[in-house]
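Working notes for the structure below.
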Amino acid sequence: MFDSHQRETYRRMLRIRMFEEEGTRLYIAGKIPGAFHASIGQEAAIVGSCMALRDDDVMTGTHRSHGHPIGKGADLKALMAELMGKQTGVCRGRGGSMHLADSSVGIMGESAIVGGGIPLATGCALSAKIRKIDQISLCFFGDGAVNQGTFHESLNMASLWRLPVVYLCENNGYAITTSIALSHGQTSISRRADAYGIPGVEVCGQDVREVYRVTSEAVARARRGEGPTLIEAKTYRFDEHQVGLIVPGEPYRSPDEVEEYKLRRDPIRLYREALSSGGVGEAALTELESEVRAELAAAIRFGEESAFPTPDTLADFMYSTPLTPS
Amino acid sequence: MFDSHQRETYRRMLRIRMFEEEGTRLYIAGKIPGAFHASIGQEAAIVGSCMALRDDDVMTGTHRSHGHPIGKGADLKALMAELMGKQTGVCRGRGGSMHLADSSVGIMGESAIVGGGIPLATGCALSAKIRKIDQISLCFFGDGAVNQGTFHESLNMASLWRLPVVYLCENNGYAITTSIALSHGQTSISRRADAYGIPGVEVCGQDVREVYRVTSEAVARARRGEGPTLIEAKTYRFDEHQVGLIVPGEPYRSPDEVEEYKLRRDPIRLYREALSSGGVGEAALTELESEVRAELAAAIRFGEESAFPTPDTLADFMYSTPLTPS
Amino acid sequence: MSTAVEKSGLGAGDHIRMNYLDALVEAQVEEMERDERVIMMGEDIAIYGGGKLVERFGPDRIWSMPISESSFTGVGIGAAINGLRPIVDLNIASFMYLAADQIINQASKLRYMTGGQISVPIVFRCCMYYGASLAAQHSDRPYPMFMNIPGLKIVCPASPTDIKGLMKAAIRDDDPVLVFEDTKLWPLKADIPTDPDFLIPLGSALVKRQGTDVTLVAIAGAMRPALDAAQALSKEGISVEVIDPRTLKPLDTATIIESVAKTGRLVLVENAHRMCSVTGEIAAIVAEEGFEYLKRPIQRLTASDVHVPFSPALEGQMFPRKATIVAAIKKLI
Amino acid sequence: MSTAVEKSGLGAGDHIRMNYLDALVEAQVEEMERDERVIMMGEDIAIYGGGKLVERFGPDRIWSMPISESSFTGVGIGAAINGLRPIVDLNIASFMYLAADQIINQASKLRYMTGGQISVPIVFRCCMYYGASLAAQHSDRPYPMFMNIPGLKIVCPASPTDIKGLMKAAIRDDDPVLVFEDTKLWPLKADIPTDPDFLIPLGSALVKRQGTDVTLVAIAGAMRPALDAAQALSKEGISVEVIDPRTLKPLDTATIIESVAKTGRLVLVENAHRMCSVTGEIAAIVAEEGFEYLKRPIQRLTASDVHVPFSPALEGQMFPRKATIVAAIKKLI
Ligand SMILES: Cc1ncc(C[n+]2csc(CCOP(=O)(O)OP(=O)(O)O)c2C)c(N)n1
Ligand SMILES: Cc1ncc(C[n+]2csc(CCOP(=O)(O)OP(=O)(O)O)c2C)c(N)n1
Ligand SMILES: [Mg+2]
Ligand SMILES: [Mg+2]
């Protein structure tokens, strides 16, 4: 009834949502420094595609970097400690909110340079091909990143060499305040796949099962050596681009549009309803929800109790072995 | 019979051919330093598209930079002197073979950085739009340049803002030694236009009349404010990428293919034949040919008799006004 | 939208209190008002950066760009060589690398390569957003890299007055100018001239404070701790002359050497990384042209040669502070 | 295809005569032979650059790239973080700006930003092709720009032996290394060690010639006129110590300061532009750490702060020559 795949799917979506809700709270309370980009509203696009991967597959992500590692299965403790800038953080406090890499679960770096991770994922796939291992690269990026040259250059190479990579565009309709209509001469992203001679698929990014289905096909195709696929998951971010961001002047998106998504197209609510109507009992769902809530509480405790890196460690991790002072 | 349009078309093609034949000779004789990239074989693509422009339209070109200014109507003397590195050169000896700009006929720079000129032409068109003048930008680039990010980024902007620019790809099948099949995941260039929602047209680049027709349509469209067009002119370079370039190992293109083009698809021969069968007499053609030959001789003489820039002028043209020595 | 100066009703010759960021915006507005060829381009600029400039100047002069730094920089250059005078806002300085090819291979070279046929009147604006826990990919201070490129001019002001006067001069200049803003200075306030023709010529340093014992040169965000250090030392009877180069290229070396001729001691401070930095260049120039005046070794204080870490516990450590500047100066006395 | 060393039948401990370019290729071949994770990527590389390496190593290790410098650099970085050790050939150094974002924002930062989780063992190779009338867009010597970036290592050798030993060390290094070849040196011949484990550690300078009166530091293509100048001066009784830093980052400042401690005079020569150059950095370091040894001002000789012109009548003027070096040294004596 509530099979392990469904359970894990729901768990990861909840993890992202609660991690970011708690993170937002902590950010506003001044316990998380820097900038905070929440993926709330985009959980289905992330989890649906990550669930189509094996643990040994790899991934690159973006500045909106919390959802991707959680979707791929990272442990919350080290992520939360990282957001707080602690030495126990997954990146030892050097990376922070925009750079939550976790190589233990195949996250090869999140790029806060828009479009910067697209060639990296492509290169990971090239390596898999050269080393003749059947590993897939999953490459997350936003609708805004599609306008970077790296999108074009990388998809061409992936097509040319039939690399095992899946390009997953989380099209949430906006790049900060700029809508697709104001930045893309042609507004369908999946339609661009044809320029490279690869399949392009559009999918509802609020429906985790659909995203999973479409990505699974792309992954299977890539694993068969048939090359890359471009997936456009139509999704929506519920919050502002960045927590606390003030947008002056006229709103760039209508409050109605935001409300519509929050009320009717919340991917977590949609999946919960689907699970319920599929026969999963309320008790099982709430049990899982409390589990994740408890996990979050533990992660926050871990982060808060951890120490900051000490000043003498500033240069640690700069080089493989420290340079002779110059 | 031999109308002024035909005459000018044939003249410009001849000018390019003879300029480059003489240039090659001078280069081999050591009178032209640096690198020399001939457009021999590609004259129809260049002249056919340039003839669709008005004199006050602008253009950017590439490292294969002799044909473009000649096609746009530049004077040969200052071009030849430039190739020789003389102070009377169109760029005062600072630019040389890869950079034969001539702003007096609207050549806004040739970029020896592959793909580098695409945004420049796009920006020229943006300026025309902002200044509300009905000037067109023509942007030349090769098949290899299509793989640069600037191709993608620029075409998107041109589409988005319906800029008056015509993108003309001289697809000669190779980038140095790399064929399209070895570098493009999808080998039709015109097909890529759809990704940007703009028209893409393929045309035989050896047929100057066809290139003219297709470009004229694109220019008219742009002048009507309907935006950019991508034209793929299928052409061929008769010589090596660079005069004197030695390609080690197996040939990257078959000698038969080269022969076929030289014998049967020479754009100048094809146009001459068309003119003849259209009723232009042999005398008129040979007269024009000798005219151009004489023009070339004068240009070479001018170049050879000109002086080199003097060492004290090294820093001239670096800044609008010389910097205080620092 | 009217500007602060307009609202104030003040005329030429007057002054108005304004912060660094507002002074920069004011400079842009005044120049756009004066010359219709001036346009602005940048991401989300119709909303941020441009303030409410769209209302005032219309959408034809304020262009929100797709996230295509390399090409929109080139589009700006294309517009510059074809009759306009764009201000290209690259936003955070760490994104400049994406535009490096167009800035270097096109903007800085076109005039020279065409023997003066083409002129590239363009301003590249970007902000150095360090000290805010944005981590390595958002916190660069890359102005030293561009110093090595002929054909560019580089401005890096430390006060509201200077950013106004230099930005205006940059917009009126016929060569490409890179304007680096230090976001640490955004809130800094001063009385700036309202004269719409108030310009500071590119290439002139400013003696911010007279002194006789030590010459202290500080750049951009390093100016505040430098001035604090000078102030603190004056109480101990050490007289520090503080100089702001303001323009980095061309660099006003005469003012610096003149000061060293008087003090015999030179301390240099900046927040960029150490190797091949501007302070290194100044030290080299003085070690060559002002050697005879030097009584003591030149001291450089810069950011550690480490990328900017996320954790505030680390980031706070890596930039020169008042205390480190005081200590460096005392070593020389 | 067999390499020159293989053909010679020589073993470890022997030497073979080889030019600079062949020594570089030999280094690559040896390392590809030793470690199958080493791959090569570059434009037309199956035909040029890689020599006939495809025959020897197969197409899976020699990748001809589309003209997409930014992304194929990133693809190399992606392969490096996922188990390979790529050599990315960027061809002419003027094209590096296209790859600057990936080199700086990704390669140099990933290890640090991930707290050491990710390692980026990659070599970026490019050649500085000046002095050949290729004009401004092909003739850059941009190594100084990258000096300011933490996380990178930079190699710029001046002899066949050094390029072999340093290239091999670069390929074995676990951090991103930029290897700048000076094409002026391609034809230069020397006897290089055939030992496949001959490595020159990154960060060690070489005293090319001992001397007592002046320390002369020269980089890459500036080494030949520097040695010629030293030779000429020795006939006039002036004893010049010539040092090649070989690696620019990390820079072996100890060797330079030690020499200045002996000579008290320092002349620096390079073919990059002047502002924020490596010679500027060395001058700054010596003015700080070796000031007490200096008897005379530090002298720098660099390319004029002008883009490389096409005309040989101009290009010949802009780089330091034997005569200018001799004159600079004589000024100090
Ligand atoms: C190269 C670069 N340019 C600009 C920025 C500033 N920036 C950060 S996020 C963002 C919008 C990205 O939009 P999109 O790709 O749609 O991702 P989303 O934020 O919607 O998830 C921009 C412009 C950046 N980080 N990197
Ligand atoms: C950015 C950049 N990368 C590489 C080169 C070296 N290069 C010069 S021409 C050329 C091939 C260009 O091919 P294409 O665009 O098809 O033009 P064609 O030479 O065929 O006219 C290359 C790779 C360059 N000049 N610029
Ligand atoms: Mg988006
Ligand atoms: Mg071609």
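Chain naming here is simple, since letters A, B, ... match the order of the sequence lines and numbering starts at 1 in each.
Proximity to chain C is absent for every atom of A/Val146, based on heavy atoms less than 4.5 angstrom apart. There is no contact between A/Thr150 and chain C, counting heavy-atom distances below 4.5 Å. For A/Tyr319, no part sits under 4.5 Å from any heavy atom of chain C, backbone or side chain. Contacts of C/His138 with chain A are made by side-chain atoms alone, with heavy-atom separations under 4.5 Å and no backbone atom involved. Contacts between A/Ile180 and chain C at a heavy-atom distance below 4.5 Å are absent for every atom of the residue. When heavy atoms are compared at a cutoff of 4.5 Å, C/Glu69 approaches chain A by way of both its backbone and its side chain.
Atom NE2 of A/His63 is separated from atom CG of C/Leu134 by 12.5 Å, given to the nearest 0.5 angstrom. If you take CZ on A/Arg92 and CZ on C/Phe310, they are separated by 15.0 Å, rounding to the nearest 0.5 Å.
Top candidate by heavy-atom pairs under 4.5 Å with chain C, chosen from A/Gly116, A/Gly95, A/Ala315, A/Ala175, is A/Gly95. Each of A/His184, A/Met98, A/Gln87 has some count of heavy-atom pairs under 4.5 Å with chain C, and the biggest count is that of A/Met98. Considering only heavy-atom pairs separated by less than 4.5 Å from chain C, the leading option among A/Ser183, A/Ala145, A/Pro311 is A/Pro311.
Heavy-atom neighbours of chain A within the stretch residues 90-100 of chain C, taken at a separation under 4.5 angstrom, comprise C/Ser94, C/Phe95, C/Leu98.
C/Met318 and A/Leu314 make their closest contact through CB-CD2, 3.8 Å (heavy atoms, listed as atom of the first residue, atom of the second, distance). C/Ile67 and A/Val114 make their closest contact through CG2-CG1, 3.8 Å (heavy atoms, listed as atom of the first residue, atom of the second, distance).
Around OH of A/Tyr174, the count of heavy atoms belonging to other residues, nucleotides or ligands within 6.0 Å exceeds 12.
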Taking it one step at a time, do A/Asn147 and C/Ser68 satisfy side-chain hydrogen bond (donor to acceptor under 3.5 Å, both in side chains)? CA-CA 6 Å; A/Asn147 288 330; C/Ser68 308; 5.1 Å; no

Would you please test A/Ile176 and C/Glu43 for side-chain contact (heavy atoms from CB on, under 4.5 Å) and show each step? CA-CA 9 Å; A/Ile176 311 188; C/Glu43 288 161 21; over 6 Å; no

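Formation of a donor-acceptor pair under 3.5 Å by the C/Gln137 side chain with backbone atoms of A/Ala112 is found in this model. At least one donor-acceptor pair under 3.5 Å links the side chain of C/Ser311 to the backbone N or O of A/Gly85.
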